[in-house]
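Below, each value reflects all heavy atoms present in this structure, side chains not excepted, and no hydrogens, waters or symmetry copies. Each chain gets a letter, A, B and so on, in the order its sequence line appears, and its residues count up from 1. Owing to the predicted nature of the structure, the values given are computational and were not obtained by experimental measurement.
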Number of protein chains: 6
Amino acid sequence: MSNSQDHQPGSSVSAKPFQRLLLTGAAGNLGQLLRERLKPWADVVRLSDIGDLGTAAAGEEIVTCDLADKAAVHAMLEGVDAVLHFGGLSLEAPFEQLMHANIQGTYNLYEGVHKRGIRRVVYASSSHAVGYYPTTERIDADSPLRPDGLYGLTKCFGESLSRYYFDRFGVETVCLRIGSCFPEPRNARMLATYLSYEDFVELVRCALFTPRVGHSIVYGVSDNRIDWWDNSKAGHLGFVARDSADPFAEHFPFSGAWPAADDAGNFQGGPFILAGPQYE
Amino acid sequence: MSNSQDHQPGSSVSAKPFQRLLLTGAAGNLGQLLRERLKPWADVVRLSDIGDLGTAAAGEEIVTCDLADKAAVHAMLEGVDAVLHFGGLSLEAPFEQLMHANIQGTYNLYEGVHKRGIRRVVYASSSHAVGYYPTTERIDADSPLRPDGLYGLTKCFGESLSRYYFDRFGVETVCLRIGSCFPEPRNARMLATYLSYEDFVELVRCALFTPRVGHSIVYGVSDNRIDWWDNSKAGHLGFVARDSADPFAEHFPFSGAWPAADDAGNFQGGPFILAGPQYE
Amino acid sequence: MSNSQDHQPGSSVSAKPFQRLLLTGAAGNLGQLLRERLKPWADVVRLSDIGDLGTAAAGEEIVTCDLADKAAVHAMLEGVDAVLHFGGLSLEAPFEQLMHANIQGTYNLYEGVHKRGIRRVVYASSSHAVGYYPTTERIDADSPLRPDGLYGLTKCFGESLSRYYFDRFGVETVCLRIGSCFPEPRNARMLATYLSYEDFVELVRCALFTPRVGHSIVYGVSDNRIDWWDNSKAGHLGFVARDSADPFAEHFPFSGAWPAADDAGNFQGGPFILAGPQYE
Amino acid sequence: MSNSQDHQPGSSVSAKPFQRLLLTGAAGNLGQLLRERLKPWADVVRLSDIGDLGTAAAGEEIVTCDLADKAAVHAMLEGVDAVLHFGGLSLEAPFEQLMHANIQGTYNLYEGVHKRGIRRVVYASSSHAVGYYPTTERIDADSPLRPDGLYGLTKCFGESLSRYYFDRFGVETVCLRIGSCFPEPRNARMLATYLSYEDFVELVRCALFTPRVGHSIVYGVSDNRIDWWDNSKAGHLGFVARDSADPFAEHFPFSGAWPAADDAGNFQGGPFILAGPQYE
Amino acid sequence: MSNSQDHQPGSSVSAKPFQRLLLTGAAGNLGQLLRERLKPWADVVRLSDIGDLGTAAAGEEIVTCDLADKAAVHAMLEGVDAVLHFGGLSLEAPFEQLMHANIQGTYNLYEGVHKRGIRRVVYASSSHAVGYYPTTERIDADSPLRPDGLYGLTKCFGESLSRYYFDRFGVETVCLRIGSCFPEPRNARMLATYLSYEDFVELVRCALFTPRVGHSIVYGVSDNRIDWWDNSKAGHLGFVARDSADPFAEHFPFSGAWPAADDAGNFQGGPFILAGPQYE
Amino acid sequence: MSNSQDHQPGSSVSAKPFQRLLLTGAAGNLGQLLRERLKPWADVVRLSDIGDLGTAAAGEEIVTCDLADKAAVHAMLEGVDAVLHFGGLSLEAPFEQLMHANIQGTYNLYEGVHKRGIRRVVYASSSHAVGYYPTTERIDADSPLRPDGLYGLTKCFGESLSRYYFDRFGVETVCLRIGSCFPEPRNARMLATYLSYEDFVELVRCALFTPRVGHSIVYGVSDNRIDWWDNSKAGHLGFVARDSADPFAEHFPFSGAWPAADDAGNFQGGPFILAGPQYE
């Protein structure tokens with residue numbers, strides 16, 4: 001048993017903690033946000049997406065990559081210290097598209113991570129992996145999976161996959177069950193699910209910098225008083241939300257009408273539960 | 001499954017969320033407090049008690065009603081959007097009186113609520129429904145019932161009754177296990193059980209306005225550092241206490257003497273546990 | 001059943017809660033700290049250690065005592081209202097030394113406490129009684145014991161011993177599982193385990209003044225965002241940390257290197273787990 | 001603390017364990033069954049009912065008693081060692097009738113038991129106290145109450161009442177949550193809920209003879225392979241069912257049709273859940 | 001709420017419970033076994049596989065179908081009362097093959113089941129969905145998923161998928177986490193995981209005939225004294241194993257050597273955990 | 001990760017599983033019993049005690065050893081494959097005697113086991129490590145320790161010690177919380193705690209032969225219908241009791257008197273709880 005930290009990834013003379021971080025899905029909403037914020041953490045930020053990423057700024061590398069292309073994924077992972085995996089589809093879509101991007105793609109990513117000896121992944125899971133719990137139930141990291149659609153189902157897959165790569169190969173992952181990450185809450189449901197941009201970035205930082213995470217699951221949510229999600233099993237991450245949806249509550253005043261007993265709003269996933277296999 | 005909220009109670013053009021709220025027990029301590037505070041929530045507040053309620057102010061309706069009178073209760077419920085049920089006896093009393101007011105009365109109320117198609121009740125339960133837990137034990141909404149007297153026993157009855165009306169007929173209830181709701185703590189025990197007036201009103205507001213509550217149980221207690229009651233299963237209500245008993249702690253300094261092993265103060269119900277069937 | 005508090009220890013006309021408190025281990029780091037802070041709580045503070053305690057100030061009594069000397073321990077307990085037991089070895093040491101001071105010594109203390117009719121002990125246990133939990137696991141007072149060394153093992157013994165003296169003889173104990181109590185955190189691990197001096201003194205105060213504690217276990221830790229230890233079962237003590245390790249986090253920036261899978265830092269006890277039976 | 005059993009009830013020279021047992025509800029189905037089987041347990045079996053009990057056999061005493069008549073109940077309890085409380089209504093009925101017999105009546109009984117210094121009650125509760133759990137959920141003694149009708153609601157009351165009399169006065173009770181006690185299962189639901197007569201009598205014997213029961217809750221059910229009820233928390237009673245509904249399964253073959261999603265048969269209480277407040 | 005069972009699938013005059021059952025994977029080992037045993041349960045057994053199924057016997061229909069072919073799957077489901085889904089790959093294989101057969105295929109099946117209005121699926125999941133638990137840990141239906149390979153990972157997917165189709169569309173599924181179903185145990189590990197053929201068929205019968213199953217997870221294992229898997233949450237299925245691996249224990253005597261700390265045999269999945277992504 | 005069992009201890013050509021087993025406490029009651037029964041398991045059984053062991057039979061080695069003598073203990077462990085640790089005091093005694101034999105002695109044993117590279121210990125713990133639980137409570141391997149006397153306290157120590165040696169050094173231990181192991185039950189309490197000789201030997205066999213045990217705790221109890229102890233967390237050991245106290249129940253008929261509320265018999269430890277520090 002070793003009593004000293006080994007210095008594999010960032011043992012250079014660089015003042016930044018990492019030499020090279022890979023961000024997949026860099027053209028997405030959260031990817032664009034992270035692109036700005038990762039710079040202090042790594043000498044080089046490699047950005048990947050299937051879509052357009054513009055031109056590389058100083059300290060950036062840009063890779064256009066379809067995650068379902070195994071060889072391309074393996075190539076993309078060369079020289080990477082850690083991966084922030086935000087790639088794939090992040091909305092309900094026909095199953096074959098979701099399978100291509102989120103199932104084949106995430107498998108390719110983890111297989112490449114393992115083969116390259118990369119030790120840490122921060123995985124953009126989603127609260128939609130458990131969106132079919134009623135709003136009256138409080139859940140934590142060990143509550144059985146209850147996806148609210150096909151998209152959420154692929155996030156369940158990613159969580160199980162990353163669990164396997166940790167148990168089998170020691171690849172550490174923090175699964176972020178992200179709620180509603182926007183500049184501000186857009187509807188009454190988001191008074192419970194809102195994750196501010198600042199809190200999101202802090203959560204990613206904790207997921208990346210915590211010395212030991214094993215396979216962790218954490219809800220990505222700000223300090224909202226409506227509180228469905230219990231993060232107590234992620235106390236080791238040291239994530240403390242600083243923002244809250246509460247000041248926005250007045251934008252969504254109580255209408256005087258409670259939802260019907262079968263209303264989609266009675267489930268944590270909200271309208272997502274109605275967006276399922278609609279494309280057939 | 002419906003994706004839009006229906007607009008049954010308050011779908012009028014009124015700017016207030018509800019058209020008519022019924023408050024039973026309006027002449028009691030908490031009833032009087034609520035009488036003032038409910039006005040912004042409803043066009044009409046119907047006030048009911050067996051005792052004197054004075055004259056109706058603007059936006060008030062006054063009904064004198066013995067809750068044990070079934071026909072009167074049913075009449076009282078006409079045109080009501082939601083009920084705040086604070087009626088009945090709120091102190092230890094001979095069993096027959098408690099049965100009359102709290103058992104027959106609460107049954108009459110729920111049967112009327114169901115018959116009238118009313119969908120939400122905020123029920124003044126009490127921490128005395130679980131007052132026989134020792135102070136060294138922390139309990140939550142699912143801890144088995146342990147009443148500390150006949151009064152608490154009738155509150156157990158009300159909780160079971162409302163559970164049935166939800167399971168069978170879909171009537172939603174929030175059971176408020178109210179601690180010690182006074183202007184300030186009156187003794188050392190209330191450093192744990194104190195509920196400020198402001199926090200109480202906010203709790204009632206959450207219980208009434210939360211879109212979906214099913215059958216919820218929540219402890220009515222301020223943010224006191226002595227903390228016997230775990231409200232984590234009521235996170236969906238969004239209740240956050242703003243006040244605390246802590247600033248009053250200096251009024252009740254430690255005496256230098258711990259209680260004897262069989263002291264009533266070793267139970268959460270405190271002296272209530274000694275006030276039981278004393279009238280026989 | 002008695003409804004009034006009895007007034008055994010401090011029922012004198014003294015303005016201080018206790019007449020005489022005994023502090024063992026008064027020459028140790030935490031003992032010295034407490035020596036200063038106990039004065040407002042008792043007319044007389046009796047200080048004990050095997051080492052030098054200097055001269056007695058006003059309101060102090062000094063007793064040099066080897067805890068393994070049963071007669072001396074019994075004598076030391078005469079006239080005492082309550083005991084703060086911080087004596088014994090507080091670091092890894094050869095087993096025989098630990099057994100002498102922490103096992104024989106603590107047994108002597110409790111047997112004397114019982115014989116003298118003393119009703120309350122505040123016991124300096126340690127987080128090293130459960131230090132072999134991984135940092136990715138959150139534990140509470142009922143998590144099975146997992147000592148991280150011989151020192152922690154003697155603390156497990158003290159916790160079991162005090163449980164017995166409560167169950168059998170009604171002697172109440174609060175076991176303080178103290179983390180890292182220093183002026184400030186000394187390394188990255190202490191960002192999770194840090195207990196400030198002020199929070200420590202407040203914890204001791206709560207443990208001593210709470211009317212009923214039975215046999216309680218509480219983690220002694222400040223309000224650090226890295227949070228391994230769940231104190232919810234000690235809510236009756238009313239301990240609320242006011243300080244935090246968080247402002248010191250910048251002293252221990254992330255190095256860019258995560259620990260190896262078998263690194264001692266992956267366990268809550270940290271390097272203590274390597275300090276075990278090394279003296280053989 | 002006493003190390004020897006005291007010999008209060010049956011310390012006579014009698015060869016039977018008890019001098020006098022009281023059986024309420026002796027004219028009911030289960031009452032009649034017990035009437036035969038209690039004889040070896042007591043010199044005198046006092047039988048009580050509001051209905052006709054025929055003539056007293058040797059070793060029997062017959063008392064006609066309305067349980068709602070407090071004075072009569074107190075008189076009936078004179079000289080009794082223990083009570084088997086099977087009195088009251090055991091089917092859905094108008095609330096006022098249930099309140100009279102099961103709420104007022106059971107209160108009278110416990111108050112009398114306490115006043116007479118009787119130490120043990122075996123209480124005929126019912127699985128209908130928790131009949132609103134779905135058949136797909138397995139429950140135990142601590143699962144929150146979910147009555148399936150007004151009758152079940154009065155059994156919830158009896159359980160809370162007896163809990164109070166134990167906590168407050170030390171009266172021990174075993175609450176028997178009896179399933180379907182008949183000569184054999186009458187429908188497919190009873191393949192789960194069946195309690196044979198022999199198993200029922202053995203359960204009563206265990207509830208009466210176990211040295212210490214505190215306040216226990218146990219499901220009265222035979223060893224049926226369809227198993228909704230977990231009796232592990234009643235292991236101290238030593239009840240082991242010897243019979244089973246399984247041999248009767250062929251009487252109720254699968255029809256080839258599963259119930260609709262809202263069928264009453266999807267709840268443990270089965271058709272009872274539809275029999276609620278129908279009398280209004 | 002309906003109090004009578006509806007008679008949708010098998011309401012014909014047939015003496016068999018079902019008109020038509022579909023068995024996928026009928027050419028596999030368990031499929032062949034079921035082919036023989038299903039006849040008494042349905043007028044017609046439709047058999048499907050991608051491999052050769054020979055000629056149809058009386059009461060059989062044979063369909064050759066690649067589960068990844070959506071149109072073929074939908075066609076195959078016409079006129080079916082219930083599905084026994086044993087199709088797909090049942091061993092570790094390259095990911096793309098597993099994804100094709102077990103992910104795309106199972107999605108196609110459920111989407112077709114839903115579209116056809118079929119109400120019940122018995123799904124051949126596997127204990128390899130949780131095979132990475134150590135053998136020293138006992139798990140139940142709610143233990144978080146820990147697949148032991150890519151095959152197990154696809155079973156996790158199927159469990160999450162079927163949960164979604166129940167929550168969203170009311171399609172009921174029993175997930176059978178089958179252990180080692182062979183004529184007899186083949187190695188020491190199977191003393192824990194063995195499921196006899198007779199017990200397997202009985203389990204399928206329970207899964208198909210139980211009136212209400214919702215979304216159930218049950219371990220398919222005989223009554224072996226080495227017991228890793230807790231089926232208490234599946235008590236409603238009424239499955240009771242009659243066989244046991246125990247008589248075969250003498251075939252696998254203790255060797256005198258315990259496995260090394262990192263031996264694959266220390267995990268429930270045994271050598272499967274080493275069979276992972278080996279094909280890359 | 002190794003997929004084949006290594007063959008360290010018993011890899012010789014011997015037909016017996018082990019080459020040499022050490023049994024400490026071989027002169028005690030259970031030691032004498034085991035002495036006879038161990039022979040088929042090992043070529044050589046080394047017997048140790050502080051008392052007289054008579055002459056060595058074929059296949060036996062006899063060592064007289066005070067467990068508190070570290071050097072003697074280390075010598076005794078040479079060439080040993082596994083240890084059955086039944087040595088030390090097995091009854092209430094003055095603390096210093098218990099500390100000498102059970103604390104110092106067990107420490108010496110484990111330190112020697114570790115130094116010698118021995119991998120498995122079967123440790124005779126006791127149900128008295130948790131004897132202060134009331135008889136109305138059912139406990140399992142993770143229930144917090146509640147010793148019922150000083151003897152039980154030393155067993156708590158042994159359990160914590162062995163946990164440490166597993167966590168730190170990988171030494172596997174099964175802690176047997178032995179109930180009442182006699183030819184037959186001697187009093188009514190033993191109807192719950194009885195462990196027959198045959199069941200005891202089978203339990204030891206399981207503890208020794210199970211491939212992987214980590215640090216396991218198992219209650220040593222026969223299949224008695226009065227059931228305080230939940231062994232579900234020890235399912236991997238495959239221990240199934242074949243005997244029962246039940247046929248002896250008629251020897252201890254119910255007396256007609258329940259114990260007083262403070263009777264020692266209300267605790268699982270029974271009269272042991274009164275035998276505590278009586279020697280002072």
Side-chain angles (χ1 to χ4, degrees), chain A residues 131-140 143 148-149 179 185 187-194 219 221-233 244-250 252-276 278, chain B residues 1-21 40-43 81-82 118-120 140-142 166-167 169-174 202-203 205-218 230-242:
Chain A
Y132 237 117
Y133 280 94
T135 59
T136 47
E137 198 159 337
R138 196 149 176 267
I139 57 176
D140 74 7
S143 302
D148 60 21
N187 54 45
R189 176 179 165 272
M190 292 191 191
L191 297 177
T193 62
Y194 175 63
Y219 291 91
V221 67
S222 286
D223 182 25
N224 310 325
R225 64 183 174 77
I226 302 175
D227 177 16
W228 299 335
W229 300 329
D230 174 356
N231 262 339
S232 59
K233 284 176 181 150
S244 171
D246 300 356
F248 302 94
E250 59 187 23
F252 312 102
F254 177 60
S255 69
W258 307 284
D262 66 349
D263 191 280
N266 295 331
F267 298 91
Q268 296 186 359
F272 271 69
I273 68 169
L274 301 180
Q278 57 185 306
Chain B
M1 197 176 279
S2 145
N3 191 25
S4 61
Q5 297 193 331
D6 55 353
H7 291 272
Q8 170 200 354
S11 56
S12 74
V13 297
S14 162
K16 296 186 180 178
F18 295 100
Q19 294 182 338
R20 183 177 283 106
L21 291 176
W41 301 347
D43 297 335
D81 291 339
I118 298 168
R119 293 176 58 200
R120 176 75 55 95
D140 74 7
D142 287 341
F166 173 65
D167 281 339
F169 301 115
V171 176
E172 292 194 308
T173 292
V174 180
E202 168 65 5
L203 178 58
R205 194 192 64 78
C206 291
L208 197 58
F209 284 20
T210 296
R212 181 74 176 168
V213 298
H215 184 264
S216 295
I217 293 171
V218 60
D230 174 356
N231 262 339
S232 59
K233 285 175 181 150
H236 56 287
L237 297 179
F239 169 63
V240 176
R242 303 292 177 193

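- Minimum interatomic distance between I273(A) and G131(A) (heavy atoms only, all atoms of both residues): CG2-O, 4.2 Å.
- When the candidates T136(A), L191(A), D230(A) are compared by the number of heavy-atom contacts under 4.5 Å with chain B, T136(A) comes out ahead.
- With a threshold of 4.5 angstrom between heavy atoms, R138(A) approaches chain B through side-chain atoms but not through N, CA, C or O.
- For H236(B) and S216(B), the side-chain atoms include at least one donor-acceptor pair closer than 3.5 Å.
- The main-chain N or O of R20(B) is never found under 3.5 Å from a side-chain atom of D43(B) such that the two would form a donor-acceptor pair.
- Side-chain contact check for F239(B) versus R225(A): every heavy-atom pair is 4.5 Å or farther apart.
- With respect to chain A, the highest number of heavy-atom pairs below 4.5 Å among G214(B), S232(B), G170(B) belongs to S232(B).
- There is a side-chain donor-acceptor pair under 3.5 Å between W229(A) and Q268(A).
- The candidate from D246(A), I226(A), N224(A) with the greatest count of non-hydrogen atom pairs under 4.5 Å with chain B is I226(A).
- Neither the backbone nor the side chain of A192(A) comes within less than 4.5 Å of any heavy atom in chain B.
- Only the side chain of V240(B) comes within contact range of chain A, judged by heavy atoms closer than 4.5 Å.
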